[in-house]
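Below, read A as the first sequence line, B as the second, and so on, with proteins coming before strands; counting in each chain starts at 1.
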2 protein chains.
Amino acid sequence: MSTSVTSRALDLLGAFGPEHRALTLSSLARRAGLPLATAHRLVAELHRWGALARLDTGEYVIGRRLWDLGLLAPVQAGLRQAASPFLHDLYGATLATVHLAVRDELEVLYIDRISGHASVPVVSKVGSRLPMHATGVGKVLLAHAPEPVRGEVLQRLHRVTPYTVTQPARLLEQLRRVRAEGFATTGEEMSPGACSVAVPVRGPDGEVVAALGIVVPDLRRERARLVAALRVAAQGIGRVLTSAQWKQGLA
Amino acid sequence: MSTSVTSRALDLLGAFGPEHRALTLSSLARRAGLPLATAHRLVAELHRWGALARLDTGEYVIGRRLWDLGLLAPVQAGLRQAASPFLHDLYGATLATVHLAVRDELEVLYIDRISGHASVPVVSKVGSRLPMHATGVGKVLLAHAPEPVRGEVLQRLHRVTPYTVTQPARLLEQLRRVRAEGFATTGEEMSPGACSVAVPVRGPDGEVVAALGIVVPDLRRERARLVAALRVAAQGIGRVLTSAQWKQGLA
DNA sequence: GACGGTCCTTCCGGCCAATGGAAGGTAAGT
DNA sequence: ACTTACCTTCCATTGGCCGGAAGGACCGTC
């Protein structure tokens, strides 16, 4: 055993997640694998510092101080900053949910998002990770990912909705077309009633550094217009991405 | 002394701030008031867990794992979510930098922000805190703050630019007008070349829960139109803010 | 090429702070 | 009144933390 105090405290923080935003002391202890008394002491300390806050129900949640800290993280800061205005343009032109995402290991990491009043409800949130084979931005990133990654992902095509592509051969063919045509689409493959289009964002050296996508209820009618708008925005982002700003993002 | 290990680790994290996003090991140790060897051990542990990341320069920055955690914090989550679409509308209508802010003790805390291509460069950032007496959103929040808070703030009107209002009597008169007219303005009081207009966002019970503001290079020409647009957006946000969604935000 | 500076990393024995079982208190459900 | 589940406090034991010191890497400067 011999786990250090620090790592225990961190494990308590790690017990929080998208599915577990509010936890009682005892569930925190359980999830972190700590004796209740120990968890109690550590949680009290985290709470005193402001890393955790306590709701009036007695449950603990991530505190404001960690929110502050999180915002300081240089997670693709250069990319986010460069892309922000273009995302707004794109939203203005389409009034659809707009996504900016990068690849994180075998998943898609959503870096920024805009959704308006009438947008289709979608699962994604800034900071959330979703499977690559079932999202528009995911397919774009997968199509341009290094071969080993693609291999790994193709082995684990789990079904999300009835329309999710789960046959490796079929997905491979789609990826080929993504590279050839320069955009990817999905049709209710991640969540019912949501279709998406996405294009690659290319950095100064021409390599794909991110994907830009939008989610709409129906794709058939104006795919051409959407792809055009996406391309304009993606090119704009790429132009702004000088290597100076870009170096900040870390793996 | 007798500072616990955990609080020492947290102090190391607390050494980061808007002005100090990247720190070397030794400056971390200095800022946290820890012996180098101790800091080294703790930082290594934080790094291993992913709370800190290391740039290729050897400096440490806040890591992705803390970014993830921070996004889980329910810091005005209900408000942010409710307001988001209206912020975009507002940006679309004005093409100016748009701010959503709440009061945090004696300062303004920026909850969300949109800035486009041509917007005036401004200091604010999501998560940053600025003085209330020199910003549009600040004046709105101050005008509707409880008396003790207003008293405190009026005693500390430090000058930021040559145009900053530093006479308590004059600011009080402005706040009176803010309450009467329903909007606040600033003219280069926080940063040169930036003027702002802001209006209150009222919750279900009519109390002021946030402020909505925009920053423009010049105010004289279309103040009326901007105020009108702001009011529409603020009312929209207020309407969406059911008490159910609102309870999440914590002090 | 020796020197002064700043940085990072490793080591290890003394000592003190973290540990966690146990007991007591609260609250809700049966 | 019993049961279950939660939170909080206490304290004797002990094992992990502490941090001075030593060593190494990497600048620039003389």
Ring-ring centroid check A:H158 A:H133, cutoff 6.0 Å: yes

Any B:H99 side-chain heavy atom under 4.5 Å of B:T135 side chain: no

Parallel, tilted or perpendicular: ring planes of A:H88 versus B:H88, cut at 30 and 60 degrees: tilted

Backbone N/O of A:V61 and side chain of A:R21: donor-acceptor pair under 3.5 Å: no

Length of the CG-C1' vector between B:L34 and D:dC18, whole Å: 11 Å

Short side-chain N/O contact to C:dT19 OP1/OP2 from A:T38, under 4.0 Å: no

B:E152 atom CD: more than 12 heavy-atom contacts under 6.0 Å: yes

B:D68 side chain reached by A:R129 side chain, heavy atoms, under 4.5 Å: yes

From A:L13, A:L34, A:L52, residue fulfilling side-chain contact (heavy atoms from CB on, under 4.5 Å) relative to A:L42: A:L34

Side chain to side chain donor-acceptor pair (under 3.5 Å) partners of B:T166, counting only residues at least two apart: none

Divergence of helical axes at both termini of the helix from C:dG1-D:dC30 to C:dA23-D:dT8 - five pairs an end, 10° steps: 50°

Length of the CG-C1' vector between B:L42 and D:dC18, whole Å: 10 Å

Protein-to-nucleotide contact annotation, 5' to 3' order, nucleotides 5-11 of chain D [B base; S sugar-phosphate only; - none; under 4.0 Å, heavy atom]: -SBBB--

For atom CG of B:L12 and atom C1' of D:dC17, their distance in whole Å: 14 Å

Short side-chain N/O contact to C:dG20 OP1/OP2 from A:R8, under 4.0 Å: yes

